[in-house]
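A short worksheet on the structure shown next.
Proteins come first, then strands; the chains are lettered A, B, ... in the order of their sequence lines, and each starts at number 1.
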Amino acid sequence: MDMMVSTLQQQRAVTEQLRREASIKRIPVSVAVADIVRYINEHEQEDCLLVGFSSQKVNPFREKSSCTVL
Amino acid sequence: MAADTAVAASPEETLESLLREAEALKQKLEEERQKLNDVALSCVAERLEQINFPNLKLRRALKGHQAKVLCSDWSPDKRHIVSSSQDGKVIIWDAFTATKEHTISMPSTWVMACAYAPSGNMVAAGGLDNKVTVFPLGGGSDEEPASRKRTVATHTSYMSACLFPNTDRQILTGGGDGTCALWDVESGQLLQSFQAHAADVMALDLAPTDMGDTFVSGGCDRAVLVWDMRSGHAVQAFDTHLSDVNSVRYHPSGDSLASGSDDSCCRLFDLRADREVARYWKESVIFGVNSVEWSVSGRLLFAGYSDYTACAWDALREARVCVLCGHEHRVSRVQLSPDGTALSTASWDTTLRVWA
């Protein structure tokens, strides 16, 4: 009996989970993709690993030059 | 007694009716998702201009662990890195000078997860000890971090992932027991438990700050689950991976997330379209993905593989644009520095490397 109850409880949890998933609102992929592209375009210039550093000085991990100006 | 509670909870539901409803819901979900699948990301991306991707160069190598490096995390100061290893050690590195600042000995080997607190004044770590222990750093005292350690969380199996959810006061963990859990750091009290994975949880990521209280987890049940932190419920599930999900990471926009899996594929799931929208894979890549990470704009998706390489994918064109070679064993972790100027990789070859 206990096992049947636990199976029922497990299945209830699974079904409740699916009810939650089924009830969410969705948007078309075309809209979602357009938003991803827009976000990337808006932030491209801040992305040092994408567009590079405006000068090596702003790269904190640049190679240290071997001589320094006193 | 148990039967009484079950009946009281819901008298009209039977196992058969629940199973039938579950099947109907699954079918409805599939239909709904398919109906809105009106365009492929790669088709949209074809119309974009091509970008010249810069070459990332190796800038630092952090050597000091005696065995596989399993996890790492950047300090918010953009300079320090915490790493954890199979050798049972947690090391705090100064990444600028490539030197060790602290070495912490853990109670067990296989320290699978470590994380910096948002303040930068504390790190958390754990693994095969089934626990998360926090170590306060600095604070004006010269004491070693280990002398002020505090155990916060305990899972019934290994602890595989941990993070601080935008506060030093709480820790979110994932474990081999298939659960995620939110803990109060001060009291060690369990605040919320998250149960829906059918196997070990391998990875966690927090939604970008302004998105509120949601996080994502990935596990050995091949599932990627999105959770509501307050209710403790899984609100979305993505189950297209064919093998263990080792890594999950929100896109910087917060509207989508990437995952990496033992099926050697990275996938992009859009939260609002509620489905997979892109796949990053090559026939020549047959080894698993251990870790994924985004660049600041979300154009580049970095991935660390078991074939000893890390690479960058153009997330829009779904093409590989750069391969980082140098590690001599599998790459266990890739992570962007907080300001996005460098990428760190951790490897089973005992080293960490910084690329920029």
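- Distance check: A:Leu49 CG to B:Phe53 CZ gives 12.0 Å after rounding to the nearest 0.5 Å.
- Counting heavy-atom pairs closer than 4.5 Å to chain A, the top-ranked of the candidates B:Val354, B:Asp270, B:Thr341 is B:Thr341.
- Between the A:Asp47 side chain and the B:Ser295 main chain, no donor and acceptor come within less than 3.5 Å of each other.
- Rounding to the nearest 0.5 Å places CG of A:Asn59 at 9.5 Å from NZ of B:Lys57.
- The most heavy-atom pairs under 4.5 Å with chain A, out of B:Ala196, B:Ala45, B:Ala95, come from B:Ala95.
- Interface residue A:Leu18: backbone and side-chain heavy atoms are both found under 4.5 Å from chain B.
- Annotation: the span from A:Leu8 atom CG to B:Leu18 atom CG amounts to 6.0 Å, rounded to 0.5 Å.
- Rounding to the nearest 0.5 Å gives a distance of 8.5 Å between OG of A:Ser30 and CG of B:Leu36.
- Contact of the A:Arg12 side chain with the B:Leu15 side chain is not registered, since no non-hydrogen atoms from C-beta on lie closer than 4.5 Å.
- Note that the OG atom of B:Ser253 and the CZ atom of A:Arg38 stand 11.0 Å from one another [nearest 0.5 Å].
- In this structure, the side chain of B:Glu21 does not engage the main chain of A:Thr15 through any donor-acceptor pair within 3.5 Å.
- When each of B:Ala315, B:Ser256, B:Ala22 is scored by its heavy-atom pairs under 4.5 Å with chain A, the top score falls to B:Ala22.
- Annotation: ring pair (Phe, Tyr, Trp, His ring centres under 6.0 Å) contacts of B:Phe194 (sequence neighbours excluded): B:Phe215, B:Trp227.
- Contacts of A:Gln17 with chain B are made by side-chain atoms alone, with heavy-atom separations under 4.5 Å and no backbone atom involved.
- Of residues 37-44 of chain B, those residues lying under 4.5 Å from chain A by any heavy-atom pair are B:Asn37, B:Asp38, B:Val39, B:Leu41, B:Val44.
- Chosen from B:Glu32, B:Gln195, B:His233, B:Lys28, the residue pairing most often with chain A at heavy-atom distances under 4.5 Å is B:His233.
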